[in-house]
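Have a look at the structure below before the remarks.
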Amino acid sequence: MHILKLIFKNAFRHKLRTFLTIAGITIAILAFGLLRTVINAWYAGVEASAANRLVTRNSISLIFPLPISYKDKIRQIEGVTNVSYGNWFGGIYIDEKNFFANFAVEPESYLKLYPEYVLPPDQKAAFLRDRKGFFAGRKLAEKYKWKLGDTVVLKGTIFPGEWDFVLRAIYKGRDKNIDETQFIFHWDYLNETMKKTAPLRADQVGFYMISVKDPALAADVSVAVDKTFKNSLAETLTETEKAFQMGFISMSEAIVVAIRMVSFVVIIIIMAVMANTMAMSTRERFAEYAVLKTLGFGGTYIAGLIFGESLFITTAGCVTGTILTFPAAKAFGDAMSQFFPIFNVSVNTIYMDAAASVVVGVVSAIIPAYRAVSIRIADGLRRIG
Amino acid sequence: MEKQPIVEIKNLYKSYRRAGQEIPVLQDINLDIAESEFLALMGPSGSGKSTLLNLIAGIDKADSGLIKVVGTDITSLSETELAHWRATNVGFIFQFYNLIPVLTAFENVELPLLLTGLSGKERRGHVETAMSVVNLSDRMDHYPGQLSGGQQQRVAIARAVVTDPTIIVADEPTGDLDRVSAEDILELMERLVHELGKTIVMVTHDPRAAGKAHIIRNLDKGVLNAYPQTHI
Ligand SMILES: Nc1ncnc2c1ncn2[C@@H]1O[C@H](COP(=O)(O)OP(=O)(O)OP(=O)(O)O)[C@@H](O)[C@H]1O
Ligand SMILES: [Mg+2]
């Protein structure tokens, strides 16, 4: 009880120094938390992917299509429970700046495959009924203030022309990590238009989405799918949804590594600042430690004072930094929503914050505590005046 | 009747190693101090007074020789045993008071009691008694920075006596005080000897301070001279 009081009083001996150090730790923890959240956002697609889903694409590259006729062959493969298909549409809404993901998919099978997109039943029915209908994520609809029944025009890039769609449903993510910024419409609408304008490109799909009975079957089914289309005109590459998502990220892996490194550098810098603060504070108090020892207090008590003070300061900084991370992440996520549709501070990040502050607190106190504990009383007393 | 010595020092040697060289600080010290004695150690700067005091108080280690204090040969104690021994047997008064600036007078005096098993209430009683001995009952909640030098030294004396130690060591307790405050402190120390029966070993440069002691011993270049034991 008494030692806590002394730790607390010691910590606020130099109010400005302590305040600045706490502010520094707050900012470092805030920066650390945001950087970790950016990394998480990067992997949001990977995290949200289901273990029982596979994606089949053209083995040459994602930009080469596959015939629609593969659908029935895939469905017959042992272990496959459901097949859907779609095309990346790549349409632009008014301006290129307004980027969001938009796909043409076979809607009924797609919604069965992706139960994480939750549509109100009446809206879902309205969407399925309307060939030109689309459904959008809650965040996307909010951002552009679309209401049910609104017509939205996308300018095609891969599929030329002006395409108009009617908003029929707005989905919510089942979990926090579900992207709520997607734009999904009927593949039939795309295909029928292509039949008229570019018949050679009709009846082609960009990718198949497959669900398997059991995640354990994923590898076998992948092999079976690719074997089925071996030596055909369009050979396939089937991988888990996770691996498929990973494929997008691996292109930018270097950036993630850089961000991760910066996040640790921030902690190392604040460790240096904190160690300096502790070294200054304890150096001024060597005589006091010597007095405490003279009175009979042991090394554990002295070390307890120093570690306690260090941890008190880092914890104060960590708590404020962590609390501030939430509004900061919200503001950052809103501003960057088109790059990071999912921008949530994860529980893991909070643990990392806490761990970082404990490490900083402990490491900063080691040398000062060692010095204070090992100094001879007579030498410590000599330092007065 | 001859009193039993409370401090018994025999053939004590102490040296420091500096730049690979042995520098003798205390050489063949022999000294007995009787109970309820007030002894002043004098001598030129660097003669080893503080070193000898620290050895008696168990905060430094001798090279060889015997130091028996209150019946214990403290040269044979481990660091931890010494710390425990100091806490129960020795009270300390320093030149610069050495109070903890963030603790009130009360809390400073209470510090040594935290190592005892006393309850909060018992500690309060002891602190109040010690503070009344030094006549500072009205300054319990003052911080050292709010007290004069003389008052701080009185708080330090309260801290030194609060555990009721047998022996009190004081290293130039009046060295940083004006004459009036110094008189005050010395008077207080005399009272500790006469009224409470404490044994005091005091290092001082001030002949006036030494004059209050029963015995004055002189250290010169690490040798305790055969100064006639001046009983006053
Ligand atoms: N830690 C140490 N390392 C090396 N030499 C030391 C150390 N402590 C003391 N000495 C030396 O031991 C000698 C005696 O020191 P001490 O402090 O006992 O003297 P003193 O008589 O108390 O002097 P003063 O009156 O100035 O306080 C001095 O020469 C001093 O330089
Ligand atoms: Mg000295």
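All chains are named by letter (A, B, ...) in the order of the sequence lines, taking the proteins before the strands, and each is independently numbered beginning at 1.
- Counted within 6.0 Å of CZ on A/R138, heavy atoms from surrounding residues, nucleotides or ligands total more than 12; the atom is thus considered enclosed.
- Heavy atoms of B/Q95 lying under 4.5 Å from chain A are absent altogether.
- Of the residues considered (B/A57, B/P101, B/P112), B/P101 shows the highest number of contacts with chain A, using heavy-atom pairs under 4.5 Å.
- Heavy atoms of other residues, nucleotides or ligands lying less than 6.0 angstrom from NZ of B/K68 number 12 at most.
- Dense packing is recorded around CD1 of B/I23, with more than 12 heavy atoms of other residues, nucleotides or ligands lying under 6.0 Å away.
- In this structure the side chain of A/V291 reaches within 4.5 angstrom of the side chain of B/F94, judged on heavy atoms.
- With rounding to the nearest 0.5 Å, the separation of CG in B/D171 from CG in A/L381 is 9.0 Å.
- Put simply, CD1 on A/I377 and CG on B/L82 are 8.5 Å apart, with the number rounded to the nearest 0.5 Å.
- Heavy atoms of B/I59 lying under 4.5 Å from chain A belong to its backbone as well as its side chain.
- Counting heavy atoms of neighbouring residues, nucleotides and ligands inside a 6.0 Å radius, atom CE of A/M261 does not exceed 12 of them.
- Interface residue A/F297: backbone and side-chain heavy atoms are both found under 4.5 Å from chain B.
- Contact of B/Y16 with chain A is made through the side chain alone, with heavy-atom distances under 4.5 Å.
- Remark: side-chain polar atoms of B/R86 are paired, donor with acceptor, to backbone N or O of A/T294 under 3.5 angstrom.
- Heavy-atom contacts from other residues, nucleotides or ligands closer than 6.0 Å to NE2 of B/H142 number more than 12.
- Note: B/L113 CG to A/H2 NE2 = 9.5 Å, rounded to the nearest 0.5 Å.
- For A/F12, the CZ atom is densely surrounded, since the number of other residues' heavy atoms within 6.0 Å is greater than 12.
- Rounding to the nearest 0.5 Å places CD1 of B/I100 at 8.0 Å from CG of A/L295.
- Within a 6.0 Å radius of CZ in A/F264, other residues, nucleotides and ligands contribute more than 12 heavy atoms.
- Ranked by heavy-atom pairs under 4.5 Å with chain B, the first of A/K293, A/K9, A/R376, A/R13 is A/K9.
- The minimum heavy-atom distance between B/A87 and A/G296, with the atom names listed, is CB-CA, 4.2 Å.
- With values rounded to the nearest 0.5 angstrom, A/D379 atom CG is found 8.0 Å from B/D60 atom CG.
- For B/E79, the CD atom is loosely surrounded, since the number of other residues' heavy atoms within 6.0 Å does not exceed 12.
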